[in-house]
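Notes follow the structure.
FYI, the numbering just counts along the sequence from 1.
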Amino acid sequence: MRILVIGGSGLIGAHVADVLSERGHTVSTVARTARPGVDHVLDVETAPVEQLRPLLAGLDGVVYAARTDEQRPLRKPIHPAFRRDMVDPLVRLFSAAREEGLTRGVVMGSYYTYFDRLHPQWRLADRHVYICCRLEQAREAREAAGPGLPVAILELPFVFGRAGDRLPNWAGPLDGWARSRAPLAAPTGGTAATSARNVAEVAVDALERGSGEDIPIADENLTWHDMISRIASAAGRPRPVRRLPGWLVRVSMRLGAVQQALARKESGINPAHFGDLLLSPLFVEPVTGRSLDTAIHETFPEKTPPA
């Protein structure tokens, strides 16, 4: 196949490009900034259909692996801004892909859409603009693609791994905390987790099958306690992880929501309800059962002290 990877300079996009090449497919990449491994420089989030069509001409499929920062606070109302970042680019991309005759696509989504299906009583789309836009993204991308261009949505949890200097966008604060002398603490609850390499393999499998499914991905389900403990151990600073009381988590999150409201701002994941998510087991079934030890050590490597 001939595949374009959008976000090819990122952690997941780089791994997708590697797996495509390993399996004998022809891959090209596009990103907003020039760097090694990027074939085309273009801001796909703002590019019109007319600019996207030449990029897609003659290809079989496209992978959308651009990042979205759901935690950044913006001035209210934030739904139009999140649609501009998350939904509108996919509509233009898959409209162009349909017009150029592509036959398969993959979008890197979020496991929150999986939990929205599994637990409609949580009202995730009503409470969190980011999750609402993830659902709109999947629906409208598929509508734009039409029946001849199946689009698989990979529902991603926490992703560990490294590609050169590229790391998960959430890893920075945890890295500093794990390496510090500060005490570690975690609430009840937990999350599914996977590796960037596994995401890439699932993505290429979906392309090869021409899948149009929603595909939740997980290698392991980790409690927050286990996840933080394993990160600290990988970083070379193993120590006990204390238990955070649930009431403290909820109160701190709601105080954050009050601060945002006073500043007339919102974030994609509403802190007023984020405490409930943190305290829930955000686990995905089935899991592959692959150990995440290698990917965790790649993300949080133990640093050799200076001589």
Are Val38 and Leu20 connected into the same hydrophobic cluster when the rule is that any two of I, L, V, M, F, W, Y join if their side-chain heavy atoms are below 4.5 Å apart? no

So, does Ser95 use its side chain to make a donor-acceptor pair with the main chain of Val91 at under 3.5 Å? yes

Counting N and O atoms only, with roles assigned by atom type, does the side chain of Arg230 sit under 3.5 Å from a partner on the main chain of Met227, one being a donor and the other an acceptor? no

Test salt bridge (Lys or Arg N to Asp or Glu O under 4.0 Å) on Arg92 and Glu140; report intermediate values, then the result. CA-CA 10 Å; Arg92 292 192 295 269; Glu140 296 186 33; over 6 Å; no

Run the side chain to side chain contact (heavy atoms under 4.5 Å, CB included) test on His79 and Glu136 for me, step by step, so that the C-alpha distance in whole Å, both residues' side-chain angles and the decisive distance to 0.1 Å come before the verdict. CA-CA 11 Å; His79 184 260; Glu136 292 174 354; 3.2 Å; yes

Tightest non-hydrogen contact, residues Ala193 and Leu292, listed as CB-CD1, 3.5 Å

What distance do Ile296 atom CD1 and Phe160 atom CZ have between them, rounded to the nearest 0.5 Å? 4.5 Å

Output yes when a side-chain donor or acceptor of Arg67 lies under 3.5 Å from a complementary backbone atom of Gly10, and no otherwise. no

Taking side chain to side chain donor-acceptor pair (under 3.5 Å) as the definition, give me every residue that meets it alongside Asn198, ordered by chain and number, with sequence neighbours left out. Thr194, Asp219, Arg290

Tell me whether Phe283 is reachable from Leu278 by hopping between hydrophobic residues (I, L, V, M, F, W, Y) whose side-chain heavy atoms are closer than 4.5 Å. no

Among all residues two or more places apart in sequence or in another chain, which pass the side chain to side chain contact (heavy atoms under 4.5 Å, CB included) test with Val258? Leu262

Are the side chain of His128 and the backbone of Asn270 linked by a donor-acceptor contact shorter than 3.5 Å? yes

The remaining residues in the hydrophobic cluster of Ile153, counting side-chain heavy-atom contacts under 4.5 Å among Ile, Leu, Val, Met, Phe, Trp and Tyr, are Leu4, Ile6, Val30, Leu42, Val44, Leu52, Leu55, Leu56, Leu59, Val62, Tyr64, Leu90, Leu93, Phe94, Leu102, Val107, Leu149, Val151

Indicate yes or no for a side-chain donor-acceptor contact from Ser195 to the backbone of Ala295 under 3.5 Å, with no hydrogens or angles considered. no

For Glu99, all residues meeting side chain to side chain contact (heavy atoms under 4.5 Å, CB included), sequence neighbours excluded: Val49, Arg53

Heavy-atom donor-acceptor pair, Ser280 side chain to Leu282 backbone, under 3.5 Å: no

Check whether Arg32 reaches the backbone of Asp43 with its side chain - one donor and one acceptor, N or O, closer than 3.5 Å. no

Other residues, nucleotides and ligands only: do more than 12 of their heavy atoms fall within 6.0 Å of CZ on Arg209? yes

Once rounded to the nearest 0.5 Å, what's the spacing between atom CZ of Arg134 and atom CG of Leu124? 14.0 Å

Would you check if the side chain of His119 reaches a backbone N or O of Phe115 as a donor-acceptor pair within less than 3.5 Å? no

Check for me, please, whether Leu156 and Val287 land in the same ILVMFWY cluster - side-chain distances under 4.5 Å, paths through other members count. no

Electrostatic pair Arg72:Glu266 at N-O distance under 4.0 angstrom: no

Run the side-chain donor-acceptor check on residues 170-180: report pairs under 3.5 Å with partners two or more places apart or on a different chain.
{"residue": "Asp175", "atom": "OD1", "partner": "Arg179", "partner atom": "NE", "Å": "3.0"}
{"residue": "Asp175", "atom": "OD1", "partner": "Arg179", "partner atom": "NH2", "Å": "3.0"}
{"residue": "Asp175", "atom": "OD2", "partner": "Arg179", "partner atom": "NE", "Å": "3.0"}
{"residue": "Trp177", "atom": "NE1", "partner": "Pro183", "partner atom": "O", "Å": "3.2"}
{"residue": "Arg179", "atom": "NH1", "partner": "Ala235", "partner atom": "O", "Å": "3.3"}
{"residue": "Arg179", "atom": "NH1", "partner": "Pro301", "partner atom": "O", "Å": "2.9"}
{"residue": "Arg179", "atom": "NH2", "partner": "Pro301", "partner atom": "O", "Å": "2.7"}
{"residue": "Ser180", "atom": "OG", "partner": "Trp177", "partner atom": "O", "Å": "2.8"}
{"residue": "Ser180", "atom": "OG", "partner": "Ala182", "partner atom": "N", "Å": "3.1"}

How many angstroms lie between atom CZ of Arg75 and atom CD of Gln260, to the nearest 0.5 angstrom? 12.0 Å

Pairing residues for Ala17 by the side chain to side chain contact (heavy atoms under 4.5 Å, CB included) criterion, not counting sequence neighbours: Val27, Thr29

Can you tell whether the side chains of Arg35 and Asp165 come within less than 4.0 Å, N to carboxylate O? yes

Where Pro271 and Gly256 come nearest, the two heavy atoms and their spacing: CG-C, 4.2 Å

Check ion pair Arg23-Asp205 (N to O, under 4.0 angstrom): yes

Quick one: CD1 on Ile215 to OH on Tyr114, what's the gap to the nearest 0.5 Å? 13.5 Å

Is a donor on one side and an acceptor on the other found under 3.5 Å between the side chain of His25 and the backbone of Met1? yes

Considering only NZ, NE, NH1 and NH2 on the basic side and carboxylate oxygens on the acidic side, decide whether Arg197 and Glu22 come within less than 4.0 Å. yes

Stepwise side chain to side chain contact (heavy atoms under 4.5 Å, CB included) check, Ile217 with Val284: CA-CA 7 Å; Ile217 300 177; Val284 169; over 6 Å; no

Do Trp122 and Leu277 pass the side chain to side chain contact (heavy atoms under 4.5 Å, CB included) test, and can you show the C-alpha distance, the side-chain angles, and the key distance before you say yes or no? CA-CA 9 Å; Trp122 289 2; Leu277 289 176; 4.2 Å; yes

Sub-3.5 Å donor-acceptor pair from the side chain of Gln137 to the main-chain atoms of Met86, do we have one? yes

Test log, rule side chain to side chain contact (heavy atoms under 4.5 Å, CB included), inputs Thr188 and Arg243: CA-CA 7 Å; Thr188 57; Arg243 185 70 67 192; 4.1 Å; yes

Looking at Arg117 and Asp214, is there a salt bridge between them, counting it only when a charged N and a carboxylate O are closer than 4.0 Å? yes

Under 4.0 Å between a side-chain nitrogen and a carboxylate oxygen: does that hold for Arg250 and Asp276? yes

Do Arg162 and Phe300 form a cation-pi contact, if we require the NZ or CZ to be under 6.0 Å from the six-membered ring centre and within 45 degrees of the ring's axis? no

